[in-house]
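Heads up, the thing below is written out as structure tokens.
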Amino acid sequence: MSRYAYVAGRYLPQAEAAVPIEDRGYQFADGVYEVIAVEDGRLIDAGPHLKRLDRSLNELRIPRPMGDRALGIVLRRVVALNRVRRGMVYLQISRGVAPRDHAFPREVQPQLVVTAKRLTLQPPHLVEAGVRVVTIPDLRWARCDIKSIALLPNVMGKQAAREAGAYEAWQIDRDGNVTEGTSSNAWIVTAGGSLVTRPAGNEILNGITRTVVLELVRELGLAFEQRAFSTAEALAAREAFLTSTTSHVLAVTRIDDMPVGDGVPGAFTKALRQRYLAHLAAGSGR
Ligand SMILES: Cc1ncc(COP(=O)(O)O)c(C=O)c1O
């Protein structure tokens with residue numbers, strides 16, 4: 001089955017869909033994106049994703065190409081054209097096409113591109129055994145809160161993980177603290193049983209999965225702290241896990257080849273994962 005994309009106002013077979021070479025996304029990484037999960041053909045947490053998209057656009061002063069309603073129609077149409085029941089929809093908005101010049105063009109026509117693809121749930125062995133992460137220096141800029149398409153350090157980091165046979169790389173700031181993964185947020189459960197994740201500031205992307213998990217944690221009445229934690233603290237933790245739209249809640253059982261806790265997914269992580277999967281199954285229309 002051929003895949004379809006939305007580009008420059010048209011729905012096209014992906015093989016025919018293209019953006020001009022002077023698109024500022026292509027030349028300057030001057031754009032933002034979102035990845036929204038699809039479950040049973042429905043968009044999950046579309047509201048918070050579109051709110052974060054607005055925030056990213058505002059921070060970069062990129063005008064919005066269309067309102068929420070029209071954007072929702074485009075996203076759903078691309079999901080339907082690609083017959084995605086479970087998977088993800090990807091949307092990217094660049095500052096548009098203009099003769100190459102670093103400063104903003106006088107007239108900006110933002111360029112929206114939307115694609116969608118099917119995904120299966122994570123392989124059971126990853127869920128059962130948990131995943132390995134490696135630590136790498138965080139080389140990114142000072143506005144990681146913006147979901148920008150400038151992802152070179154994330155790309156290099158994920159490749160370093162791949163080459164080390166790990167699932168993800170946790171980025172470490174100058175103080176020796178974990179910021180986040182290259183495409184996920186990082187969490188630990190301390191020996192004392194408290195859940196810890198870094199507060200949403202400029203150093204991390206405030207994951208939508210992260211905010212949903214924090215709500216679930218509140219509902220469950222569990223203790224949590226939003227503060228930075230070091231690699232040493234993560235290694236001394238009882239449990240560790242990562243969260244993202246496509247990985248959900250996934251146990252981290254080894255960091256730099258050393259076990260976390262007993263080296264197997266812990267009870268806290270498993271319970272949160274189940275709660276999160278129930279949230280997906282309910283197809284939250286927030
Ligand atoms: C750097 C980074 N942190 C965290 C996340 C997790 O965000 P979300 O839960 O919204 O998928 C992502 C997702 O792509 C990411 O790229």
Side-chain angles (χ1 to χ4, degrees), residues 29 31-39 43-57 59-60 75 86-93 115-117 119 121-122 131 133-162 166-173 177-188 196-217 226 228-229 240-250 252 269 272-273 275-277 279-280 284 286:
V32 302
Y33 75 106
E34 279 294 329
V35 174
I36 305 177
V38 177
E39 276 293 323
L43 304 185
I44 302 294
D45 296 323
H49 278 283
L50 295 187
K51 206 165 153 205
R52 184 174 66 185
L53 174 69
D54 262 345
R55 185 177 180 279
S56 299
L57 288 169
E59 292 299 314
L60 299 180
L75 294 174
R86 166 174 285 155
M88 57 168 248
V89 59
Y90 173 87
L91 78 100
Q92 171 175 320
I93 299 172
T115 59
K117 73 173 178 189
L119 289 177
L121 278 180
Q122 282 106 13
V131 298
V133 302
V134 289
T135 56
I136 55 167
D138 194 336
L139 302 177
R140 299 174 304 162
W141 73 328
R143 292 303 308 273
C144 298
D145 56 313
I146 299 171
K147 199 162 169 65
S148 135
I149 57 173
L151 289 170
L152 207 40
N154 309 56
V155 166
M156 300 305 284
K158 190 75 95 189
Q159 182 61 21
R162 192 78 36 97
Y167 183 84
E168 177 60 300
W170 276 7
Q171 301 171 99
I172 310 297
D173 69 14
N177 291 320
V178 176
T179 51
E180 60 182 336
T182 62
S183 60
S184 57
N185 291 113
W187 307 67
I188 57 169
V196 182
T197 196
R198 194 163 176 129
N202 290 355
E203 310 81 22
I204 66 162
L205 182 78
N206 189 5
I208 303 302
T209 321
R210 175 187 181 281
T211 54
V212 171
V213 166
L214 279 175
E215 278 169 31
L216 299 178
V217 167
Q226 293 191 66
F229 61 85
F241 62 94
L242 56 84
T243 56
S244 80
T245 296
T246 50
S247 292
H248 310 140
V249 175
L250 200 54
V252 169
T269 307
L272 274 178
R273 181 178 168 83
R275 288 298 287 246
Y276 187 74
L277 294 182
H279 167 82
L280 289 182
S284 162
R286 295 188 313 150

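Remember, it's 1-based here, ligands and their atoms both numbered in the order they're listed. We count residues from 1, following the sequence as given.
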Any non-hydrogen side-chain atom of Arg52 less than 4.5 Å from a side-chain atom of Glu34?
yes

Under 3.5 Å: N or O atoms of ligand 1 paired with protein N or O:
residue	atom	partner	partner atom	Å
ligand 1	3 (N)	Glu180	OE1	2.6
ligand 1	9 (O)	Ile208	N	3.3
ligand 1	9 (O)	Thr209	N	3.0
ligand 1	9 (O)	Thr209	OG1	2.6
ligand 1	10 (O)	Arg52	NH1	2.9
ligand 1	10 (O)	Arg52	NH2	3.0
ligand 1	10 (O)	Ile208	N	2.8
ligand 1	11 (O)	Thr245	N	2.9
ligand 1	11 (O)	Thr245	OG1	2.6
ligand 1	14 (O)	Lys147	NZ	3.0

Can you name the residues that form a salt bridge (Lys or Arg N to Asp or Glu O under 4.0 Å) with Arg86, not counting sequence neighbours?
Glu39

State whether the side chain of Asn185 and the backbone N or O of Leu205 hold a donor-acceptor pair below 3.5 Å, judged by distance alone.
yes

I'd like to know whether Tyr276 forms a side chain to side chain donor-acceptor pair (under 3.5 Å) with Thr243, so could you lay out the CA-CA distance, the side-chain angles of the two residues, the decisive distance to 0.1 Å, and finally the verdict.
CA-CA 10 Å; Tyr276 187 74; Thr243 56; over 6 Å; no

Partner residues of Lys158 under the salt bridge (Lys or Arg N to Asp or Glu O under 4.0 Å) criterion, sequence neighbours left out:
Glu168

For Arg275, enumerate each residue passing the salt bridge (Lys or Arg N to Asp or Glu O under 4.0 Å) test, keeping only those at least two apart in sequence or located in another chain.
Glu219

